[in-house]
Undergrad: 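A single structure is presented below for examination.
Quick note: numbers below take in every heavy atom, side chains included, and nothing from hydrogens, waters or symmetry partners.
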Amino acid sequence: MLTDINNIPIDQALKENGYVIVDGLIPQDKLEALKAACDRVVAKARKGEWKYRRLVGTQFPPWTEGTDVWGVQHLLHPELQEPIFAEWYGSAKLIEAVCQLLGTSADKLQFELFNLLINPEESDFDLTWHRDAVPVETLPEDEAEKLKIPHYGTQWNTALYDDACLFVVPKSHRRVRTEAERDLTINDPKTHAMPGQLQVHLKPGQTVFYDNNILHRAAYFKANKRATLHASMGTIEGGHHRAATIFQHGLDWMAADSFKSQLPKSLEVPYENLCAMAAKATEGKFESKPIHG
């Protein structure tokens with residue numbers, strides 16, 4: 001059983017607080033190789049050689065306007081030719097952590113997203129306070145119902161350098177926003193003074209898993225180098241529940257044989273499970289309309 005930095009079982013900590021920090025999910029001999037691979041894909045994104053990127057000025061997909069990059073999409077894309085990302089995404093310790101958090105086994109995992117969060121070059125950039133799957137305009141009674149729906153998945157940030165970009169409101173993942181929170185998320189969504197906010201500090205190699213319904217935002221600083229692996233996995237127990245959240249990122253390239261053939265053995269079944277969800281939810285397509293649009 002894996003424990004967090006406070007020696008609490010990671011599944012217990014995530015359930016109680018909405019986030020959990022974990023050490024040791026990157027093997028020491030992989031850290032420098034991951035940094036080097038990130039440097040290469042960041043250079044491609046900033047030069048415009050890689051079109052799948054997150055651009056300053058836009059928070060959610062699609063990203064179509066701007067030049068300053070705050071994220072690189074689709075690290076597992078075969079055209080990037082960076083196999084170390086798939087090796088790590090399918091690594092034993094990471095799979096163990098995800099299984100513990102989801103209360104499932106490796107054969108029931110579902111392949112999902114793997115992207116990169118970086119520092120912009122031209123200007124600082126604040127994301128708004130949000131829950132990933134619940135739009136801010138959602139009425140309280142509807143919000144309460146949406147928060148009862150199980151996630152059937154988890155997401156995480158793994159820092160390759162010191163990272164203090166993520167802000168969360170601990171324990172907010174299971175309750176409706178307070179009046180003050182609702183007012184701020186709608187009328188002052190980039191506030192630096194959200195009641196109860198906590199800045200998450202990660203050291204190189206540390207990972208924070210967080211409930212995607214926790215109230216959270218991020219601040220991107222051009223002066224501080226950032227390369228943080230941002231990924232998710234789900235479980236087949238959710239049926240097609242996660243389809244909209246995952247396929248809004250446009251994953252049609254994952255249907256290619258060139259993608260499947262490059263996967264390590266540990267990811268073959270999770271990939272088959274993703275294909276099964278697509279067949280059921282989106283007629284086999286690996287894309288859907290944006291949630292926040």
Side-chain angles (χ1 to χ4, degrees), residues 1-23 25 59-60 97-104 112-113 117 126-159 163-203 206-219 228 230-235 237-238 241-242 245 291-292:
M1 176 175 287
L2 299 178
T3 56
D4 70 359
I5 58 173
N6 298 310
N7 205 33
I8 297 171
I10 59 173
D11 48 327
Q12 177 184 332
L14 181 64
K15 184 177 180 180
E16 291 177 357
N17 299 314
Y19 76 101
V20 58
I21 299 175
V22 187
D23 281 323
L25 297 186
Q59 179 160 335
F60 300 107
V98 172
C99 285
Q100 183 175 331
L101 290 170
L102 297 181
T104 193
E112 293 188 348
L113 304 173
L117 306 176
D126 281 325
L127 300 187
T128 62
W129 286 99
H130 65 284
R131 308 185 196 270
D132 286 354
V134 184
V136 294
E137 300 84 2
T138 304
L139 296 175
E141 54 269 28
D142 295 329
E143 184 175 0
E145 290 305 310
K146 288 180 181 294
L147 292 177
K148 293 177 184 177
I149 300 173
H151 293 317
Y152 304 108
T154 189
Q155 66 187 44
W156 64 91
N157 292 352
T158 299
D163 188 318
C165 296
L166 179 66
F167 294 77
V168 301
V169 178
K171 303 182 187 295
S172 62
H173 58 304
R174 291 185 159 190
R175 60 165 177 78
V176 173
R177 285 166 292 171
T178 65
E179 239 179 81
E181 289 168 346
R182 181 174 176 80
D183 178 64
L184 288 170
T185 53
I186 293 174
N187 297 312
D188 188 12
K190 294 184 179 181
T191 181
H192 291 201
M194 179 67 72
Q197 71 176 24
L198 178 144
Q199 187 174 17
V200 177
H201 292 268
L202 298 177
K203 299 173 184 177
Q206 286 189 323
T207 298
V208 58
F209 291 89
Y210 58 101
D211 189 300
N212 72 356
N213 274 338
I214 196 171
L215 280 174
H216 65 284
R217 75 172 187 91
T228 293
H230 179 55
S232 71
M233 281 191 189
T235 169
E237 292 160 8
H241 170 72
R242 291 179 64 79
T245 300
I291 292 176
H292 301 265

Undergrad: Please list, chain by chain and in numerical order, all residues satisfying side chain to side chain contact (heavy atoms under 4.5 Å, CB included) with E179, sequence neighbours excluded.
TA: none

Undergrad: Taking salt bridge (Lys or Arg N to Asp or Glu O under 4.0 Å) as the definition, give me every residue that meets it alongside E143, ordered by chain and number, with sequence neighbours left out.
TA: R131, R177

Undergrad: Please name all residues satisfying side chain to side chain contact (heavy atoms under 4.5 Å, CB included) with D163, sequence neighbours left out, ordered by chain then number.
TA: A159, C165, L202, R226, T228

Undergrad: Among residues at least two apart in sequence or on other chains, which ones pass side-chain hydrogen bond (donor to acceptor under 3.5 Å, both in side chains) with D183?
TA: N187

Undergrad: Can you sort out the partners of E145 under salt bridge (Lys or Arg N to Asp or Glu O under 4.0 Å), two or more places apart, ordered by chain and number?
TA: K148

Undergrad: Who are the side chain to side chain contact (heavy atoms under 4.5 Å, CB included) partners of A219, not counting sequence neighbours?
TA: D126, F167, R217, F221

Undergrad: Considering residues at least two apart in sequence or located in another chain, which fulfil the salt bridge (Lys or Arg N to Asp or Glu O under 4.0 Å) criterion with R174?
TA: none

Undergrad: May I ask you to check whether N157 and H230 show a side-chain donor-acceptor distance below 3.5 Å?
TA: yes

Undergrad: The criterion is salt bridge (Lys or Arg N to Asp or Glu O under 4.0 Å); which residues satisfy it with R182, sequence neighbours excluded?
TA: none

Undergrad: Under the side chain to side chain contact (heavy atoms under 4.5 Å, CB included) test, which residues partner A97, sequence neighbours left out?
TA: L2, I10, L25, F209

Undergrad: What residues, two or more places apart in sequence or in another chain, satisfy side-chain hydrogen bond (donor to acceptor under 3.5 Å, both in side chains) together with T158?
TA: T207

Undergrad: What residues, two or more places apart in sequence or in another chain, satisfy ring pair (Phe, Tyr, Trp, His ring centres under 6.0 Å) together with H216?
TA: H130, Y210

Undergrad: Partners of D11 by side-chain hydrogen bond (donor to acceptor under 3.5 Å, both in side chains), sequence neighbours excluded?
TA: Q100

